[in-house]
Amino acid sequence: MVEQFVGTWTLTSSENFDDYMKAIGVGFATRQMGNMAKPNLVISVDDAGVISMKSETTFKTTEIKFKLNEEFEETTADGRKTMTIITLENGKLVQLQTWDGKKTTLEREIQDGKLIAKCVMDDVVALRTYEKAA
């Protein structure tokens, strides 16, 4: 089921991402870079079922490797140290990050051949749309 996410995806639109970054506590300078960045998202799965999710921008490349339903420590692009678990629910990859008594979810799903990432922190929601690179 994860196979539909495998590939290289390019960010084509981003709605409300600045407010989302504010809500999770990202500082002004980092938010400016985050707003300008147009990341490629590279998702792959190895034979052992380990999923790699790499975000590549001109500023920074981050990568997480994980197995579904197994909690792991993540250092996010903005420097937060989180405990993260990623599950597959109704065809969506759901990433739950918890840190300092806070939590945020990133839901990724395929709609009309595009990867839609919904970033949620409390009542703030950002939508980021990626298209598969040729």
So which heavy atom on G49 is nearest to which on K67, and how close?
O-CG, 3.9 Å
Value rounded to 0.5 Å, distance of CD in Q4 from CD1 in I43:
10.0 Å
Report the distance from atom CE of M21 to atom CG of N16, rounding to the nearest 0.5 Å.
10.0 Å
If two hydrophobic side chains count as joined below 4.5 Å and joins carry through other members, does M53 share a cluster with L11?
yes
Close side-chain approach of L127 and F17, heavy atoms under 4.5 Å:
no
Worked verdict on T61 versus K54 for side-chain contact (heavy atoms from CB on, under 4.5 Å):
CA-CA 7 Å; T61 294; K54 188 186 294 187; 3.7 Å; yes
Is there a side-chain contact between V120 and E107 (heavy atoms, below 4.5 Å)?
no
Given side chains that start at C-beta, do those of P39 and Y130 come closer than 4.5 Å, heavy atoms only?
yes
Short side-chain donor-acceptor distance under 3.5 Å, T30 and D78
no
With hydrophobic residues grouped by side-chain heavy-atom distances under 4.5 Å, do F72 and V94 end up in a single group?
no
To the closest 0.5 Å, what do you measure between CZ (F66) and CD (E71)?
13.5 Å
Looking only at side-chain N and O atoms, does E63 offer a donor or acceptor that is under 3.5 Å from a partner on S52?
yes
Roughly how far, to the nearest 0.5 Å, is OG of S13 from NZ of K114?
7.5 Å
What verdict does the side-chain contact (heavy atoms from CB on, under 4.5 Å) test give for K118 and K92, after you've listed the backbone C-alpha separation in whole Å, the side-chain angles of each residue and the deciding distance to 0.1 Å?
CA-CA 10 Å; K118 182 172 149 187; K92 297 179 186 178; 5.6 Å; no
Any side-chain heavy-atom pair from L106 and Q97 closer than 4.5 angstrom?
yes
Nearest 0.5 angstrom please: W99 CH2 to R80 CZ, how far?
4.5 Å
Report yes if some heavy atom in the side chain of I64 is under 4.5 Å from a heavy atom in the side chain of I86; otherwise report no.
yes
Contact check, side chains of I51 and V2, non-hydrogen atoms, under 4.5 Å:
yes
Between L93 and L68, is a side-chain contact (heavy atoms from CB on, under 4.5 Å) present by the stated rule, with each step listed?
CA-CA 9 Å; L93 272 179; L68 291 175; 3.8 Å; yes
Atom pair OG1/CG of T87 and N69 - distance to nearest 0.5 Å
6.0 Å
Among T82, T62, T84, side-chain contact (heavy atoms from CB on, under 4.5 Å) partner for T76:
T82
Step by step, work out the side chain to side chain donor-acceptor pair (under 3.5 Å) result for Y20 and T104.
CA-CA 10 Å; Y20 171 75; T104 184; 2.7 Å; yes
Of all the heavy-atom pairs spanning R31 and V26, show the shortest one and how long it is.
NH1-O, 3.1 Å
Using modelled atom types only, decide if a donor and an acceptor are shared between the side chain of T8 and the backbone of V42 within a distance under 3.5 Å.
no
Output yes when a side-chain donor or acceptor of D46 lies under 3.5 Å from a complementary backbone atom of A48, and no otherwise.
yes
For the residue pair R108 and F5, would you count it as a cation-pi contact if the rule is NZ or CZ under 6.0 angstrom from the ring centre and within 45 degrees of the ring axis?
no
Can you list the steps and then say if V45 with V6 is a side-chain contact (heavy atoms from CB on, under 4.5 Å)?
CA-CA 7 Å; V45 185; V6 169; 3.8 Å; yes
Any side-chain heavy-atom pair from K103 and L96 closer than 4.5 angstrom?
yes
Applying side chain to side chain donor-acceptor pair (under 3.5 Å) to T10 and N40, what does each step give before you reach the verdict?
CA-CA 5 Å; T10 302; N40 280 339; 2.9 Å; yes
Would you check if K81 and E73 make a side-chain contact, meaning some heavy-atom pair closer than 4.5 Å?
no
Closest heavy-atom pair, C119 versus R128, reported as atoms and distance to 0.1 Å, is SG-CD, 4.4 Å
